[in-house]
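The first residue of the sequence shown is numbered 1, and numbering continues consecutively from there. We count ligands from 1, going down the list as the structure has it; atoms in each ligand are counted the same way.
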Amino acid sequence: MKSIKLKSGYSIPILGLGTWLVTGRECFDAVLTALECGYTHIDTASAYENEDDIGKAIIESGIERSSLFLTTKIWYQKLRFNDVIEQCKQSLDKLRTDYIDLLLIHWPNKFIPLQETFDAFERLVEERKVRSIGVSNFTIPHLQEALKSTVLPIAANQIEFHPFFFQKEVLDFCNKNDIAVIAYSPLAHGKVFQSDILKSIANQKKCEPSQLALAWLMQKNIIVIPKASTEEHIKSNLESLSIVLND
Ligand code: NAP
């Protein structure tokens, strides 16, 4: 699978499985199915309360940890130094791993200085518990402050991005500063199926509107993390990797 080189030196697979709003057996099954189909990148967050299910599915798959890319996020109320260290420890335990590939600040919190959170992130990187760090839901002013608040490279910004929400200014800022953009809700929660324009282009390309939306993002070097819980959806999203669109 194509991957994007992060400023930290590590690479992230361009397509991963989103896991928001799926827990327990449903999450375990979805992640195991995705891993068996060839996904190597899983997106979660401590707030999703499914890291334990994901950890179990990874063990069950038998896939080597080094072949996988795991992203998790620290909730905005847990951004104090000691809270970050504790939250990361819990994520590592639940995911049954000794490192996180990408640790993100889930949402900015103006009441906790970014520098304090990044001090904890730096400690975790030094201890090799985290490989790359990043942010989520950060606007340009948030990003400008983030870039000044740590010596570590801000590897990624995970933001809502899909055909109905084209965040051009943030994308341009991230591209200029070598911050990878990870598109969340890349299918607009399924709304891509309701668009006549997307349906008509997808028809011409002999693909699904969902695959079109994912291909459109990936051709801009945007990483996508569609959430899917059925095998059909999981496979269909993976197949978007082979779609080539003209300008
Ligand atoms: P999404 O991926 O845009 O859409 C998910 C919906 O699309 C689900 O209802 C899923 O149904 C359906 N779907 C998936 N593939 C399909 C296919 N091939 N055909 C038809 N329907 C399909 O929405 P999302 O979950 O909001 O976003 C994706 C991921 O981004 C999340 O899971 C999470 O990991 C991340 N995220 C991050 C943040 C943040 O603040 N950083 C916020 C939101 C989301 P089934 O489940 O039935 O397959």
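- Among protein heavy atoms, atom 3 (O) of ligand 1 sits closest to Leu187 N, 2.8 Å.
- Grouped by direct or indirect side-chain proximity (heavy atoms under 4.5 Å, Ile/Leu/Val/Met/Phe/Trp/Tyr only), Val22 sits alone.
- Assignment of His106 to the shell around ligand 1 is supported, since a heavy atom sits closer than 4.0 Å.
- Stacking of Arg128 on the aromatic ring of Tyr99 is not recorded, the 6.0 Å distance cut-off and the 45° axial limit not both being met.
- The single protein non-hydrogen atom nearest to atom 31 (C) of ligand 1 is Trp20 CB, 3.5 Å, given as residue, atom name and distance.
- Protein heavy atom nearest atom 11 (O) of ligand 1, with residue, atom name and distance: His233 ND1, 3.7 Å.
- Look at Arg96 and Asp52 and you find a salt bridge, because one of the NZ, NE, NH1 or NH2 atoms lies within 4.0 Å of a carboxylate O, short of that distance.
- Salt-bridge annotation for Asp119 and Arg123: absent, with no side-chain N of the basic residue lying under 4.0 Å from a carboxylate O of the acidic one.
- Within the set Ser185, Ala228, Pro186, the minimum heavy-atom distance to atom 23 (O) of ligand 1 is found for Ser185.
- For Asn237, every heavy-atom contact with ligand 1 shorter than 4.0 Å involves the side chain, none the backbone.
- Within the set Lys191, Glu26, Lys227, the minimum heavy-atom distance to atom 2 (O) of ligand 1 is found for Lys227.
- With a 4.0 Å heavy-atom cut-off, ligand 1 is reached by the backbone of Ser229 and by its side chain too.
- In terms of protein heavy-atom proximity, atom 40 (O) of ligand 1 is nearest to Asn137 ND2, 2.9 Å.
- Within the structure, the side chain to side chain donor-acceptor pair (under 3.5 Å) test picks out the following pairs touching residues 167-193 (sequence neighbours left out): Asn137-Tyr184, Lys168-Asp172.
- Contact annotation for Ile234 and ligand 1: no heavy atom of the residue comes within less than 4.0 Å of the ligand.
- Electrostatic pairing of Glu239 and Lys235 does not count as a salt bridge here, judged by no charged N lying under 4.0 Å from a carboxylate O.
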